[in-house]
Amino acid sequence: MNSLLFLILAGTSLLQPLSSRLENAVYLTGSFIQTDYWALTLDSEDASGVMHLAHPNRFLLQYSDHQGRAMGCTGTEVFTVDPVFAEILVYSGSPTGFLHLLTSISENDCTIVSSTDGDSITVTASGIFQGGISEITAGYTVSDSLPFLFSTTDVNGNSTSWRIADLQEGSTVPDIFSIPTTAEYIVIDAGTL
């Protein structure tokens, strides 16, 4: 068997427990710390808040630094809410939820590296993925297959990572995965920028 094909299949099977958990979970919520790193300036910035996940490819990050600041995916559209500029940016097209990121690993030629530490496994896929992403990292606990880490790095070396904690599962999906309708905010189609 071709060693690259073996690595792809191994990576897919390593991520299968996490993918299955996200596909079968009705609703997950917990806290997160997001770290953005910009390679050009060598700057980084942390933000935190509450994360909501639901299948298929829906997520909502509610940031604690500014009341109303959020980023989410309806399942088909990604949006950001910026209360500082009173803007909502909408990115139409393919969904880019966390489950979509995991699925894209099995759909691309990539190199997989994994490491374990007690009950935790971290899997990193390197290749060329949608949106200029060159590396995707996912970490989850083996005992319950819940995620504790998602990270992406683009071809320029910029990265965003989310450390997730205190995840709880719900049996119903709250009505929060939609683009907000706030009269005083301007809605901008990001594809026109």
Side-chain angles (χ1 to χ4, degrees), residues 12 14-36 47-83 86-107 119-123 129-131 133 136-152 160-185 187-191:
T12 302
L14 286 171
L15 290 169
Q16 186 57 45
L18 175 58
S19 295
S20 293
R21 179 72 165 160
L22 292 177
E23 286 173 0
N24 294 313
V26 174
Y27 168 68
L28 295 170
T29 186
S31 61
F32 73 91
I33 298 173
Q34 177 178 317
T35 302
D36 293 303
S48 61
V50 177
M51 172 182 281
H52 307 272
L53 300 171
H55 186 65
N57 292 316
R58 292 180 288 178
F59 73 89
L60 179 64
L61 305 175
Q62 296 172 310
Y63 294 91
S64 58
D65 56 355
H66 292 290
Q67 179 68 28
R69 180 177 172 225
M71 181 172 84
C73 183
T74 65
T76 56
E77 295 177 303
V78 174
F79 63 91
T80 59
V81 180
D82 186 343
E87 293 177 341
I88 300 172
L89 293 173
V90 179
Y91 306 84
S92 298
S94 65
T96 56
F98 295 105
L99 186 56
H100 180 73
L101 287 174
L102 296 177
T103 304
S104 69
I105 291 172
S106 63
E107 297 171 351
D119 188 39
S120 300
I121 185 166
T122 304
V123 179
F129 305 100
Q130 189 176 37
I133 294 174
I136 300 170
T137 300
Y140 65 95
T141 49
V142 175
S143 58
D144 59 13
S145 301
L146 287 173
F148 63 83
L149 171 69
F150 284 108
S151 178
T152 61
T160 300
S161 64
W162 297 271
R163 295 234 171 240
I164 305 163
D166 308 318
L167 274 180
Q168 298 177 10
E169 189 166 5
S171 58
T172 59
V173 179
D175 187 20
I176 58 173
F177 299 101
S178 59
I179 298 169
T181 53
T182 308
E184 57 272 0
Y185 281 38
V187 177
I188 301 170
D189 179 354

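Please read these numbers as outputs of a predicted model, since none were measured by experiment.
Here S120 pairs with T141, F148 under the side chain to side chain contact (heavy atoms under 4.5 Å, CB included) rule; sequence neighbours left out. Legend: residues meeting side chain to side chain contact (heavy atoms under 4.5 Å, CB included) with Q62, ordered by chain and number and at least two apart, are V50, H52, L60. In this structure, the side chain to side chain contact (heavy atoms under 4.5 Å, CB included) partners of P147, at least two apart in sequence or on a different chain, are L18, L22, F150, I164, L167. For F79, the ring-ring contact (aromatic ring centres under 6.0 Å, His included) criterion is met by no residue, not counting sequence neighbours.
Taking CG from D166 and CZ from F32, the interatomic distance works out to 13.0 Å, rounded to the nearest 0.5 Å. How far CZ of R163 is from CE of M51: 12.0 Å, rounded to the nearest 0.5 Å. Distance check: E87 CD to T80 OG1 gives 8.5 Å after rounding to the nearest 0.5 Å. Taken to the nearest 0.5 Å, the CG atom of L28 stands 6.0 Å off from the CG atom of L146.
Annotation: side chain of T152 is not in contact with side chain of F129 (no heavy-atom distance under 4.5 Å). The shortest side-chain heavy-atom distance between D82 and L89 does not fall under the 4.5 Å cut-off.
Residue V90 forms a side chain to side chain contact (heavy atoms under 4.5 Å, CB included) with just one option from V78, V187, I188, and that option is V187.
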Determine all donor-acceptor pairs shorter than 3.5 Å in which one atom belongs to a side chain in residues 168-182; sequence neighbours excluded.
residue, atom, partner, partner atom, Å
E169, OE1, R21, NH1, 3.3
E169, OE1, R21, NH2, 3.3

Would you list the atom pairs, donor with acceptor, under 3.5 Å between side chains in residues 63-70 and any protein atom, with sequence neighbours excluded?
residue, atom, partner, partner atom, Å
Y63, OH, Q34, OE1, 2.5
S64, OG, S48, O, 3.0
S64, OG, S48, OG, 3.2
D65, OD1, R69, NH1, 3.2
D65, OD2, R69, NH1, 2.6

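Across all non-hydrogen atoms, the minimal contact from Y140 to S145 is CD1-CA, 3.9 Å. Listed here is the closest heavy atom pair of W162 and M71: CZ2-CE, 4.1 Å.
Judged by distance alone, with hydrogens and angles left aside, the side-chain atoms of D119 form a donor-acceptor pair with the main-chain N or O of S143 at under 3.5 Å.
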